[in-house]
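Residue numbers begin at 1 in each chain, while the letters A, B, ... track the order of the sequences. What's counted below: heavy atoms across the whole structure, side chains too, no hydrogens, waters or symmetry copies.
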Amino acid sequence: GAGVSQSPSNKVTEKGKDVELRCDPISGHTALYWYRQSLGQGLEFLIYFQGNSAPDKSGLPSDRFSAERTGGSVSTLTIQRTQQEDSAVYLCASSLKRERETQYFGPGTRLLVL
Amino acid sequence: QKEVEQDPGPLSVPEGAIVSLNCTYSNSAFQYFMWYRQYSRKGPELLMYTYSSGNKEDGRFTAQVDKSSKYISLFIRDSQPSDSATYLCASKTTNAGKSTFGDGTTLTVKP
């Protein structure tokens, strides 16, 4: 079946512009995660949605970052007034809440802020 | 200090070698431990998932967790060129929820 998809695959923007990154999780998955991966580094947690519960926003680095999940499915990560340090790969993952939770990752959106 | 520290790479080994990848962690509340494999320009994929201390084996891969020393290891036996990738260790406090990742070790297996 279809995996997690993300769009766009690449995004180049100018400092100060807003960007929106989209994630389509695996159908039926109740949990959705956003992570950020800077060059040569591990993944940094940003935000976690689980069903109808309030999202865990503890990883968002500043109030320029926000995310929504509409209808328990598609999610959009928005970065306002982008800065050069926002350049990274933004990864989305989805999972079913079960005894052994497996997060399935999308291919990521490579964001470059000039 | 990062909550999960991973041995830096890169690591280069000949085909057939045994590979040892290692991480340490500082958060005593971590109970779930994972290893992910990430190929270039792809998202990570889960390799091993372990709860608490002990060993877990899956084919050529063995994951070890020692909670007393806060040490996580992944062993790859009979390494293959297709194992060439970046390996990320990760930990979390609850089954469902955010994971904390190490920075990754890039492995190259030479034919």
Side-chain angles (χ1 to χ4, degrees), chain A residues 2-7 9-10 21 23-26 29-51 53-61 67 88-111, chain B residues 1-11 21-25 27 29-52 54 56 58 63 72 74 85-107:
Chain A
V4 177
S5 61
Q6 293 186 245
S7 61
S9 53
N10 294 280
L21 313 179
C23 173
D24 284 85
I26 294 172
H29 279 193
T30 55
L32 188 146
Y33 301 79
W34 283 98
Y35 292 89
R36 176 169 71 174
Q37 186 173 30
S38 300
L39 187 63
Q41 298 195 357
L43 280 66
E44 174 190 6
F45 167 77
L46 297 177
I47 188 168
Y48 162 54
F49 297 91
Q50 173 58 262
S53 303
D56 176 359
K57 302 180 181 181
S58 62
L60 295 178
V89 178
Y90 289 82
L91 290 157
C92 174
S94 71
S95 73
L96 281 172
K97 189 175 181 181
R98 52 168 56 155
E99 182 177 341
R100 179 180 175 275
E101 189 213 32
T102 299
Q103 295 181 22
Y104 295 88
F105 283 84
T109 293
R110 283 155 187 79
L111 175 66
Chain B
Q1 182 190 4
K2 297 187 69 172
E3 286 190 304
V4 178
E5 298 275 4
Q6 188 162 357
D7 281 358
L11 194 58
L21 303 167
N22 304 293
C23 294
T24 58
Y25 65 93
N27 187 343
F30 285 150
Q31 296 195 74
Y32 299 86
F33 305 92
M34 292 76 67
W35 283 95
Y36 287 84
R37 178 174 63 196
Q38 185 175 26
Y39 291 113
S40 181
R41 302 187 72 79
K42 302 285 188 182
E45 58 176 327
L46 183 67
L47 270 180
M48 303 290 283
Y49 187 107
T50 309
Y51 171 69
S52 194
K56 185 172 183 180
D58 184 0
I72 313 164
L74 178 70
T86 296
Y87 290 80
L88 297 151
C89 60
S91 304
K92 52 184 179 176
T93 58
T94 57
N95 177 46
K98 66 180 181 182
S99 297
T100 301
F101 285 80
D103 285 347
T105 301
T106 298
L107 170 68

Asker: side-chain contact (heavy atoms from CB on, under 4.5 Å) for B/Q38 and A/Q37? Distances and angles first, verdict last.
Answerer: CA-CA 12 Å; B/Q38 185 175 26; A/Q37 186 173 30; 3.0 Å; yes
Asker: Would you indicate whether the side-chain heavy atoms of B/Y51 and B/Q31 approach each other to under 4.5 Å?
Answerer: yes
Asker: Considering all heavy atoms of both residues, which atom of B/K56 and which atom of B/M48 are nearest to each other, and what is their separation?
Answerer: O-CE, 3.1 Å
Asker: Looking at A/Y90, A/F105, A/Y48, which one forms a ring pair (Phe, Tyr, Trp, His ring centres under 6.0 Å) with A/Y35?
Answerer: A/F105
Asker: What part of B/Q6 lies closer than 4.5 angstrom to a heavy atom of chain A: side chain, backbone, both or neither?
Answerer: neither
Asker: Flag the one option from B/E45, B/K98, B/M34 with the top tally of heavy-atom pairs under 4.5 Å to chain A.
Answerer: B/K98
Asker: So what's closer than 4.5 Å to chain B heavy atoms on A/L43: side chain, backbone, both or neither?
Answerer: both
Asker: Do B/L74 and B/C89 have side chains that approach each other closer than 4.5 Å (heavy atoms only, starting at C-beta)?
Answerer: no
Asker: Using non-hydrogen atoms and a 4.5 Å limit, figure out which bit of A/Q6 sits close to chain B: side chain, backbone, both or neither.
Answerer: neither
Asker: Of the backbone (N, CA, C, O) and the side chain (C-beta and beyond), which part of B/K42 lies under 4.5 Å from a heavy atom of chain A, both, or neither?
Answerer: backbone
Asker: Let me know if B/K2 has heavy atoms under 4.5 Å from chain A in its side chain, its backbone, both or neither.
Answerer: neither
Asker: Can you see whether B/T106 engages B/T86 through a side-chain donor-acceptor pair at a distance of less than 3.5 angstrom?
Answerer: yes
Asker: Tell me, for A/S58 versus chain B, whether the close heavy atoms (under 4.5 Å) come from the side chain, the backbone, both or neither.
Answerer: side chain
